[in-house]
Amino acid sequence: MTRPKRPHRLIHRVSGQTYLWLAMVIFAASGAVTRKLTEIGAEHFIGNRNPISLCNVLFVGNLCALILLLLIYGRQWNKATLKQFSRTDWVSLTAVAILSGALAPGLIFQALALTGVNNVILVGRLEPPLTLALSVWLLKERVNIWEFIGAIAAFIGVILTIILQPPEETMMNMGGFGLGIGEILAAVGSVAIAASTILGKKYLSQIPLGIYSIFRTALGTVIFFFIALVLYGSDHFADVLSPFLWQWMFLYGGLIVVLGQSFWIKGLKTATVSMASLVSSFSPIAGILAAYLILGEAPTLPQYIGGSVILVGIFLSQLGTWHKITNRVASEKVNSTPAKQQVETGMGFKGI
């Protein structure tokens, strides 16, 4: 009697994995798509302003994401659930929203304005080894030898990517060699995301995914808006209602935010941590390929060298994940805030 159900279960499982792969490809292309949109905006200035500025893309993209999250998770946002949160929960949620919802996206978008998309992708690989190191140090988590070696390799690859860059105008001289400002901003953004992940693991294990996602996106968007006003002036969002901006934001919002987030959420409902982690590990390769196809940005020699070492680190880290496949952490479904953060650590920046 159980035989007829097996094909259905197999199709359901494969379908969930397919959603994850589609979402990963969409998110990986977000950096290249963002850069392409700003280039289009630079050809259609309004006055002396680019209507498709990085800040406008991030701000409007976050609004699109917030609308989508409210439609999907709005029912979780009720008084009965909110009353169960302690002051520590709210403080932790606020800190995570500032770090991963405002600071990190702002830094990464600014990095996209100063350096190549491939550099941002590869330097962003600093996030997984840093998160692993902080988890061991602060949360006393145990890691196997493969995860440790993989983290070291990924870290070395990021360092090589940064220090082997040819001299450019947007570089700072530190310790006898130049460091690109864009690369530094991408690295700081990765540190902010890693810190938010550690906070989530330690304090947000009981927070429902929907409340976490909505609060992080909403507060992060508001804080980013006011930070941009302080740094760039009151006219920085003057073109946020421009029809030309929204014409292209329907593409960005519809593809990267709505479609990507919908596929990702759909896939996570049936995926295990190990499967989602495996899919997200291919994000750097897909991102570099997207940069080439969309922008014609071919990898440079430093990116080949650093990227190759990073890919070795990712492979070794996945061996560590597979080694833990019988462990509850690897085989559990992605249905908690810390588990979702852990998976997205491997994916890097998702466009919002």
Side-chain angles (χ1 to χ4, degrees), residues 20-39 54 57 104-105 107-130 150-151 153-166 168 170 179-190 193 251-252 255-256 259-260 263-264 276-318 343-352:
L20 288 179
W21 283 107
L22 290 172
M24 182 275 295
V25 171
I26 291 172
F27 290 147
S30 63
V33 172
T34 300
R35 171 66 67 79
K36 187 65 177 180
L37 290 179
T38 58
E39 291 178 355
L54 289 168
V57 172
L107 289 169
I108 293 172
F109 266 63
Q110 187 60 33
L112 286 170
L114 298 174
T115 190
V117 173
N118 287 337
N119 282 338
V120 175
I121 292 171
L122 294 176
V123 174
R125 294 299 86 204
L126 178 65
E127 181 190 340
L130 182 58
F155 181 78
I156 293 173
V158 171
I159 298 302
L160 289 174
T161 302
I162 294 175
I163 66 176
L164 293 179
Q165 293 296 316
E168 296 180 0
T170 58
L179 294 179
I181 297 176
E183 287 80 3
I184 293 175
L185 292 176
V188 176
S190 297
I193 296 176
L251 170 65
Y252 185 89
L255 178 63
I256 303 299
L259 197 60
F263 283 167
W264 187 242
S277 177
L278 173 63
V279 173
S280 66
S281 69
F282 283 86
S283 181
I285 300 174
I288 291 173
L289 182 61
Y292 177 73
L293 295 177
I294 296 174
L295 301 171
E297 185 177 312
T300 62
L301 180 59
Q303 292 167 352
Y304 273 121
I305 295 173
S308 298
V309 178
I310 290 170
L311 290 178
V312 171
I314 291 174
F315 174 74
L316 293 175
S317 295
Q318 284 303 313
V343 169
E344 294 183 350
T345 293
M347 176 164 290
F349 186 59
K350 308 205 316 301
I352 52 174

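Note that these values count all heavy atoms, side chains included, but never hydrogens, waters or copies made by symmetry. Just so it is clear, the structure is predicted and the values come from calculations on it, not from any experiment.
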If you compare all heavy atoms of [X] against all heavy atoms of [Y], which two are closest, and at what distance to 0.1 Å?
{"X": "V158", "Y": "L122", "value": "CG2-O, 3.5 Å"}
{"X": "Q318", "Y": "S281", "value": "NE2-CB, 3.7 Å"}
{"X": "Q110", "Y": "L185", "value": "CG-CD1, 3.6 Å"}
{"X": "V117", "Y": "A32", "value": "CG1-N, 4.0 Å"}
{"X": "I121", "Y": "P284", "value": "CG2-CA, 3.8 Å"}
{"X": "I193", "Y": "A104", "value": "CG1-CB, 3.4 Å"}

Apply the test side-chain contact (heavy atoms from CB on, under 4.5 Å) to residues N119 and T161: give CA-CA distance (whole Å), side-chain angles for both, the deciding distance (0.1 Å), then the verdict. CA-CA 7 Å; N119 282 338; T161 302; 4.0 Å; yes

If you round to the nearest 0.5 Å, how far is [atom2] of [Y] from [atom1] of [X]?
{"X": "L278", "Y": "I314", "atom1": "CG", "atom2": "CD1", "result": "11.0 Å"}
{"X": "I305", "Y": "I156", "atom1": "CD1", "atom2": "CD1", "result": "13.5 Å"}
{"X": "R125", "Y": "F155", "atom1": "CZ", "atom2": "CZ", "result": "14.5 Å"}
{"X": "L107", "Y": "S190", "atom1": "CG", "atom2": "OG", "result": "9.5 Å"}
{"X": "N118", "Y": "Y304", "atom1": "CG", "atom2": "OH", "result": "9.0 Å"}
{"X": "L251", "Y": "L37", "atom1": "CG", "atom2": "CG", "result": "6.0 Å"}

Suppose we screen for ring pair (Phe, Tyr, Trp, His ring centres under 6.0 Å). Which residues come up paired with F109, at least two apart in sequence or across chains?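 Only F349 meet the ring pair (Phe, Tyr, Trp, His ring centres under 6.0 Å) criterion with F109.
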
When you measure from the side chain of T34 to the backbone of S30, do you find a donor-acceptor pair of N or O atoms at a distance under 3.5 Å?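 Yes; judged by distance alone, with no hydrogens or angles, the pair exists.
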
Sub-4.5 Å side-chain heavy-atom contact between Q303 and I288: no

Is the ring centre of F282 less than 6.0 Å from the ring centre of W21?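 Yes, the ring centres sit under 6.0 Å apart.
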
